[in-house]
2 protein chains.
Amino acid sequence: MSVAAKIERGRGVSLWRQIAEKLQSDIAAGIYLPGTQLPTEQELAAKYSVNRHTVRRAIGSLAEEGALTATRGRGTFVSERTILYPISERTRFSEIVSANKRQPGGRLISSGEEAASAEVAEHLGLEEGEMVIRGETLRVADGRPITVGTYWINKSLVPNFIADYAELGSVSKVFERAGCGDYRRTKSWVSAVPCDAHDAGLMQITAGAPILEVYSINVTESGEPIQYTRARFRGDVVQLELGN
Amino acid sequence: MSVAAKIERGRGVSLWRQIAEKLQSDIAAGIYLPGTQLPTEQELAAKYSVNRHTVRRAIGSLAEEGALTATRGRGTFVSERTILYPISERTRFSEIVSANKRQPGGRLISSGEEAASAEVAEHLGLEEGEMVIRGETLRVADGRPITVGTYWINKSLVPNFIADYAELGSVSKVFERAGCGDYRRTKSWVSAVPCDAHDAGLMQITAGAPILEVYSINVTESGEPIQYTRARFRGDVVQLELGN
DNA sequence: AATATTTGTATACAAGTCTATACATTTATT
DNA sequence: AATAAATGTATAGACTTGTATACAAATATT
């Protein structure tokens, strides 16, 4: 390891910028964990073969952004930043994470069709046993898991959901194509519960850790229920923000 | 249009580098077509609100890379670069296009199952009439069509191909998931033929124009035929490179 | 209390980036 | 042949980036 990290000179990107991006991606990759100390400026300068002041500038730009905190005499530490997650009519994960100056990401865990349970049918305005689309996604910020969401979709409003989702890779884009781009959240229920084993594995926390559970209903512009969701947020990273 | 393009100062990325990247992405987006003249240095300098020499440096870096050609007294033009396409054991479109300093892309034209023709069955080691997966893709470099490929896949080796392809969006990734990541090309046949109307439409050339037609067989590490392909390359853009 | 470690500040200088101006050279047009 | 337009070259200065060195101030350790 630590094989003279690759910084390119003379390509139009300043050294401090390259180092800042490398540090940020190392944080996102979990190489430097929140709360832990970064190597000292001297060490980083040696690692990247640059002057200490160049490292200082890289650290400075990340500190200004809130990702690092430097204290004279102690060292530089990775911030433990919580994500402020507003629960409003218009809630879009990637926009929220970007607004928190983190890099959003995610992956599809599973998807398919199933018969609606009584609970799902009630909230989607269907009969129990009708076929609905069910999907589960894991969302991350700076490479760290934030939330797992399970959702059920009214098939009649978005007939080609699975194929379209495969093509577009985003629920909201599929809704848009189906003419339901202006969907909105109507009701939400929030509770704090212990995390089960399945979610704990996905979110990389221990089972039983407190998580926020949010049930909500999304409706089309005309008020028809289109999506019922059950989202679980890591309690140690996310703060929900209610009200307008 | 032309609303004072956004160049950021003081963020660690030099202006010439930002302009070079913008020009390159404009070329990739087809805003500046191969063979056409770029705006003059004066005009570009005005557009980006920088000195002419800064634009010159951006153009210089792209010219060195082969993307632009400047001639004194005439102007600066987008190069008509051919893509050197090696036909080797390990052939991956996106890697090749990137190696040619172009931006790879593509879209799925069609996919489904069909009964294997005698020709397909023979090359996949199956019986005529057995069901195989058939797909057709259009591949582009810098936004311009390069090749249309039709392929037939041995269903028994990649059972979930269609669903996995929808999720992963790449043939090689699906093969990887099926445990056949190390597939390789064994045989290829090359010929020059006139382009038919269907391919002409996809590749945006006139029917009858000469194209390169390459049939090939991909096999798994253990030598089982997994994919039979028929690729058509635009003769005016692609040069095949044989041998190591 | 003394010491070592670490970040913060200051100053000087070298190198790279961007601007400004002027002029040369080639090409295309009139 | 003359002119205009475009790229190529040259030079000088302001600004930014990176290096070098020294020292101050806060923290942790002994």
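Residue numbering restarts at 1 for every chain, and letters A, B, ... go by the order of the sequence lines. These values consider heavy atoms only, across backbone and side chains, with no hydrogens, waters or symmetry-generated copies.
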query = Is there a donor N/O on one and an acceptor N/O on the other, under 3.5 Å, for the side chain of Arg52(B) and the base of dG8(D)?
reply = yes
ask   = Between atom CD in Glu41(B) and atom C1' in dT25(C), what is the gap in whole Å?
value = 14 Å
Whole-Å distance separating the CD1 atom of Ile7(B) from the P atom of dT19(C) = 11 Å
inquiry  = Against Val238(B), only a single residue in Ile146(B), Ile211(B), Ile96(B), Leu84(B) fulfils side-chain contact (heavy atoms from CB on, under 4.5 Å); can you say which?
reply    = Ile146(B)
remark   = Shortest non-hydrogen pair, Ser79(A) vs Pro34(A), comes out as O-CB, 3.7 Å
Below 3.5 Å is the cut-off: list the nitrogen or oxygen pairs between protein and nucleotides 10-14 of chain C, distance only.
| residue | atom | partner | partner atom | Å |
| --- | --- | --- | --- | --- |
| dA10(C) | N6 | His53(A) | NE2 | 2.8 |

ask   = Could you state the CD1-C1' distance from Ile19(B) to dT17(C), rounded to the nearest angstrom?
value = 12 Å
task = Search all heavy atoms of Arg92(B) against all heavy atoms of Gly181(B) and return the closest pair with its distance.
result = NH2-O, 3.9 Å
remark   = Sorted by number, residues from residues 67-78 of chain B placing a heavy atom under 4.0 Å from DNA chain C are Arg72(B), Gly73(B), Arg74(B)
request  = Report the distance from atom CE of Met203(A) to atom CZ of Phe233(A), rounding to the nearest 0.5 Å.
outcome  = 9.5 Å
key: Separation between CZ of Arg81(B) and CD1 of Ile27(B), rounded to the nearest 0.5 Å   = 7.5 Å
message = For Glu80(B) versus Gly35(B), what's the shortest heavy-atom pair and its separation?
response = OE2-CA, 3.8 Å
ask   = Which atom names give the shortest non-hydrogen contact between Ala58(B) and Ile19(B), and what distance separates them?
value = CB-CG2, 3.7 Å
query = How do Gln37(A) and Asn51(B) order along DNA chain C: which one's closest nucleotide is nearer the 5' end?
reply = Gln37(A)
ask   = Is the shortest side-chain N to carboxylate O distance from Arg232(A) to Glu136(A) below 4.0 Å?
value = yes
ask   = Among pairs that include at least one residue of residues 54-64 of chain A, which meet side chain to side chain donor-acceptor pair (under 3.5 Å), considering only residues two or more places apart or in two chains?
value = Glu41(A)-Arg56(A)
note = Per side-chain hydrogen bond (donor to acceptor under 3.5 Å, both in side chains), Glu21(A) is matched among Gln18(A), Gln24(A), Arg17(A) by Arg17(A)
inquiry  = How long is the straight-line distance from OG of Ser98(B) back to CD of Gln103(B), given to the nearest 0.5 Å?
reply    = 8.5 Å
Ser188(B) versus Ser216(B), closest heavy-atom pair with distance = OG-CB, 3.5 Å
query = For residues 8-16 of chain A, which residues have at least one heavy atom under 4.0 Å from DNA chain D?
reply = Arg9(A), Ser14(A), Leu15(A), Trp16(A)
query = Which ring-ring contact (aromatic ring centres under 6.0 Å, His included) pairs, counting each pair once, include a residue from residues 165-214 of chain B, with sequence neighbours left out?
reply = His123(B)-Trp189(B), Phe161(B)-Tyr165(B), Phe175(B)-Tyr183(B)
task = Could you list by number each residue of residues 58-66 of chain B showing a heavy-atom separation from DNA chain C of less than 4.0 Å, or answer none if no residue does?
result = none
query = Which atom pair, heavy atoms only, marks the closest approach of Ala70(A) to Thr76(A)?
reply = CB-OG1, 3.7 Å
query = Nearest-Å distance, CZ (Arg56(B)) to P (dA20(C))?
reply = 17 Å
request  = Grab the CD-C1' distance between Glu43(A) and dT5(C) for me, whole Å please.
outcome  = 11 Å
inquiry  = What is the separation between atom CZ on Arg57(A) and atom C1' on dT9(C), rounded to the nearest whole Å?
reply    = 16 Å
ask   = Is any side-chain nitrogen or oxygen of Thr54(B) closer than 4.0 Å to OP1 or OP2 of dT19(C)?
value = yes
key: 5′-ward residue of the pair Thr40(B)/Val50(A) relative to DNA chain D   = Thr40(B)
